[in-house]
Amino acid sequence: IGDVTHMQSLSLFDTAIGGTIPDSLYNLSKLSSLRVYGSKLEGTISTQIGQLRNMQWLWMHGCELTGAVPSELGSLKKLEALTLHGNAFGGDAAGTLPTEICNLRTTGSKKLEHLWTNCDVKRD
């Protein structure tokens, strides 16, 4: 998938596609929309996701993703929508995100207007 360097949008939602997110995905520097919700993707989201600087729409809800939500998502300053609910992320049971991501609601070139998770519960 990383060989398609000019890809701007990838939609694989509501499919039976499974496995882990390939590292080559994080090399798609022009990618602005990734919709993989409702798939069977599992494993973690790599910290390399911070390389996707043109990302505007990131819909990854209803998968089987685990681990911690990487704070590197906070470096995606063009992000307008983020959905991560319905996964099995570890850490805070309340489902809060790292501060770097929540700060995108008030900073960045576009401001994160569509965020489906909880930034308001204090983490221990």
Side-chain angles (χ1 to χ4, degrees):
I1 196 166
D3 293 334
V4 189
T5 58
H6 296 292
M7 184 182 301
Q8 295 179 356
S9 179
L10 178 60
S11 298
L12 299 170
F13 52 90
D14 290 332
T15 67
I17 292 176
T20 60
I21 301 170
D23 286 340
S24 59
L25 177 82
Y26 305 114
N27 296 328
L28 300 175
S29 61
K30 296 185 187 294
L31 195 64
S32 63
S33 175
L34 178 60
R35 297 182 295 173
V36 293
Y37 59 88
S39 69
K40 301 288 185 192
L41 285 178
E42 59 187 22
T44 61
I45 300 174
S46 171
T47 58
Q48 293 179 55
I49 198 157
Q51 297 173 186
L52 300 176
R53 304 287 184 183
N54 288 308
M55 187 62 64
Q56 296 174 352
W57 295 86
L58 184 55
W59 296 3
M60 301 179 85
H61 61 276
C63 298
E64 298 175 11
L65 298 171
T66 59
V69 175
S71 61
E72 286 78 4
L73 281 168
S75 66
L76 304 180
K77 303 298 183 193
K78 295 181 180 180
L79 201 59
E80 296 178 45
L82 175 63
T83 65
L84 296 172
H85 59 280
N87 284 291
F89 292 115
D92 191 342
T96 59
L97 291 174
T99 304
E100 295 86 351
I101 300 168
C102 296
N103 287 344
L104 290 176
R105 295 180 300 170
T106 57
T107 62
S109 62
K110 294 279 190 172
K111 291 191 181 156
L112 182 58
E113 294 185 15
H114 308 284
L115 179 63
W116 289 272
T117 195
N118 193 347
C119 284
D120 301 320
V121 177
K122 185 175 175 128
R123 297 175 81 92
D124 292 337

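Position 1 is the first residue of the sequence; numbering continues from there.
A search for side-chain contact (heavy atoms from CB on, under 4.5 Å) contacts involving Ser39 returns Thr15, Val36, Leu41, Cys63, not counting sequence neighbours. Evaluation of the side-chain contact (heavy atoms from CB on, under 4.5 Å) rule for Phe13 yields Ser11, Arg35, Tyr37 as partners, not counting sequence neighbours. For Asn54, the side chain to side chain donor-acceptor pair (under 3.5 Å) partners two or more places apart in sequence, or in a different chain, are Lys78.
With values rounded to the nearest 0.5 angstrom, Leu65 atom CG is found 4.0 Å from Asn87 atom CG. Put simply, CG on Leu104 and CD on Glu80 are 11.5 Å apart, with the number rounded to the nearest 0.5 Å. Separating the CG atom in Leu79 from the NE2 atom in His114 is a distance of 10.5 Å, to the nearest 0.5 Å. Distance CD/Gln8 to OG/Ser29: 10.0 Å, rounded to 0.5 Å.
Between Met55 and Leu34, some side-chain heavy-atom pair lies under the 4.5 Å cut-off. Side chains of Leu82 and Leu76 form no contact here, defined as non-hydrogen atoms less than 4.5 Å apart. Taking 4.5 Å as the limit, some side-chain heavy atom of Leu10 sits within range of a side-chain heavy atom of Leu12. The shortest distance between side-chain heavy atoms of Arg105 and Leu115 falls below 4.5 Å.
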Throw together a table of side-chain donor-acceptor distances under 3.5 angstrom for residues 44-53, partners on residues two or more places apart or in other chains.
{"unit_1": "Ser46", "atom_1": "OG", "unit_2": "Gln48", "atom_2": "N", "d": "3.0"}
{"unit_1": "Gln51", "atom_1": "NE2", "unit_2": "Tyr26", "atom_2": "O", "d": "3.0"}
{"unit_1": "Arg53", "atom_1": "NE", "unit_2": "Gly50", "atom_2": "O", "d": "3.3"}
{"unit_1": "Arg53", "atom_1": "NH1", "unit_2": "Ser75", "atom_2": "O", "d": "3.1"}
{"unit_1": "Arg53", "atom_1": "NH1", "unit_2": "Ser75", "atom_2": "OG", "d": "3.3"}

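The only option from Leu97, Leu84, Leu112 that meets the side chain to side chain contact (heavy atoms under 4.5 Å, CB included) definition with Leu73 turns out to be Leu84.
Applying the side chain to side chain donor-acceptor pair (under 3.5 Å) test to residues at least two apart or on different chains, the pairs with a partner in residues 57-72 are His61-Thr83.
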